[in-house]
Amino acid sequence: MKIATFNINGINKRLDNLLEWLGETEPDVVCLQELKATDAQFPRSAVEGAGYGAVWRGQSAWNGVAILARGAEPVLTRQELPGDPSDTQARYIEAAVNGILIASLYAPNGNPQPGPKFTYKLAWMKRLEAHAGELLSAGVPIVLAGDYNVVPEPRDIYPTRSYDDNALVQPQSRVAFAGLLAQGWVDAIREILPGETVYTFWDYRRNRWQRNAGLRLDHFLLSPKVARFLADAGVDSNTRGRPNASDHAPTWIELNGWPE
DNA sequence: ATGGCCGTGAAACACGGA
């Protein structure tokens, strides 16, 4: 069973890119972020035509998350991250597929920092940690996939000083991500590729793709009951080099022997 | 020190992104 996460940066702007990648790689589950589409603008028939059932939560212009399942209908369990009823940003959706609870999340960017956006980022990560802890205590198979907007360690970014003041690399952001790992989640990409440099995002500016000046921002956190089945992981980085590409590349994990 | 490249919404440029 292959599960992928892809910050699509506008699902309608990049629908052809998405369909091409789906056809080539045939993931069983896809977590999408940055739909930049309202609920009504979600390309339901195109996604269905590609053989995927879907649940989504859209928003005008920004954010927006979805979960796609090949030949199945995801069973929606949540459309918001608990802990702040006043937060209306579409950054979290959760559904059950093939006996695994899947979350597609889009953490706040947090720039500029310091400032209200960074405060919101850290508060959102606290809420995520609280919810993730609740989920873990249930003892069920869970995958938290998405754009965490955190560079976990210095080796997860190309050698540069230009990001020193960026929210993605601040100690508070890294502590938030490390706090999730300390709960017992497994960083699947790091687990499978422990010694390798892995990037999932390359800024559009300054030829960062051509220079491979990337960042690792898109992560899979696996609960122990899923981590036992983890067999492979990778980044479809060729997708980043195509015409009209998102600035993120699809990232994926493979579970062997699941469903049991 | 700055802007650099994009998408959306709106109809020029503001804003968010990372």
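All chains are named by letter (A, B, ...) in the order of the sequence lines, taking the proteins before the strands, and each is independently numbered beginning at 1. This structure is a prediction, so every number in the text was calculated from the model and none was measured.
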Please determine if Arg240(A) and Asp247(A) form a salt bridge, counting it only when a charged side-chain N lies under 4.0 Å from a carboxylate O. no

Given dG9(B), is OP1 or OP2 found less than 4.0 Å from the side-chain N or O atoms of Ser60(A)? yes

Do any side-chain nitrogens or oxygens of Lys117(A) fall under 4.0 Å of OP1 or OP2 in dG16(B)? yes

Between Asn9(A) and Lys36(A): side-chain donor-acceptor atoms closer than 3.5 Å: yes

With Arg91(A) as the cation and Tyr106(A) as the aromatic partner, state whether NZ or CZ is under 6.0 Å from the six-membered ring centre and within 45° of the axis. yes

What distance, rounded to whole Å, do you find between the two [atom1] atoms, one in [N] and one in [M]?
| N | M | atom1 | result |
| --- | --- | --- | --- |
| dA10(B) | dA14(B) | C1' | 10 Å |
| dT8(B) | dA12(B) | C1' | 14 Å |
| dT2(B) | dA11(B) | C1' | 28 Å |
| dC15(B) | dA1(B) | P | 24 Å |

Name of the residue among Thr251(A), Asp218(A), Thr5(A) meeting side-chain hydrogen bond (donor to acceptor under 3.5 Å, both in side chains) with Thr200(A): Asp218(A)

[X] side-chain proximity, nearest of [options]:
| X | options | answer |
| --- | --- | --- |
| Gln41(A) | dG16(B), dG17(B), dG9(B) | dG9(B) |
| Arg14(A) | dG9(B), dC6(B), dG16(B) | dC6(B) |
| Asn9(A) | dG17(B), dG4(B), dG7(B) | dG7(B) |
| Ala61(A) | dG17(B), dG7(B), dG9(B) | dG9(B) |

In whole angstrom, what separates [X]'s [atom1] from [N]'s [atom2]?
| X | N | atom1 | atom2 | result |
| --- | --- | --- | --- | --- |
| Gln59(A) | dT8(B) | CD | C1' | 12 Å |
| Trp62(A) | dA14(B) | CH2 | P | 14 Å |
| Phe201(A) | dG17(B) | CZ | P | 12 Å |
| Tyr148(A) | dG17(B) | OH | C1' | 20 Å |
| Arg240(A) | dC5(B) | CZ | C1' | 10 Å |
| His248(A) | dC5(B) | NE2 | C1' | 13 Å |
| Gln33(A) | dG7(B) | CD | P | 18 Å |
| Asn111(A) | dT2(B) | CG | C1' | 16 Å |

Is [X] touching bases, backbone alone, or none of the nucleic acid, heavy atoms closer than 4.0 Å?
| X | answer |
| --- | --- |
| Arg161(A) | nothing |
| Asp203(A) | nothing |
| Asp147(A) | sugar-phosphate |
| Asn7(A) | sugar-phosphate |

Heavy-atom nearest nucleotide on DNA chain B for Asn12(A) versus Asp247(A): which residue maps closer to 5'? Asn12(A)

For Leu35(A) and Arg208(A), take the nucleotide of DNA chain B holding the closest heavy atom to each; which residue's nucleotide lies nearer the 5' end? Arg208(A)

Please determine whether salt bridge (charged side-chain N to carboxylate O under 4.0 Å, His left out) holds for the pair Glu153(A) and Arg216(A), giving the CA-CA distance in whole Å, both sets of side-chain angles, and the decisive distance to 0.1 Å. CA-CA 9 Å; Glu153(A) 299 177 66; Arg216(A) 188 170 78 103; 5.2 Å; no

Nearest-0.5 Å distance, CG of residue Leu68(A) to CG of residue Asp28(A): 12.0 Å

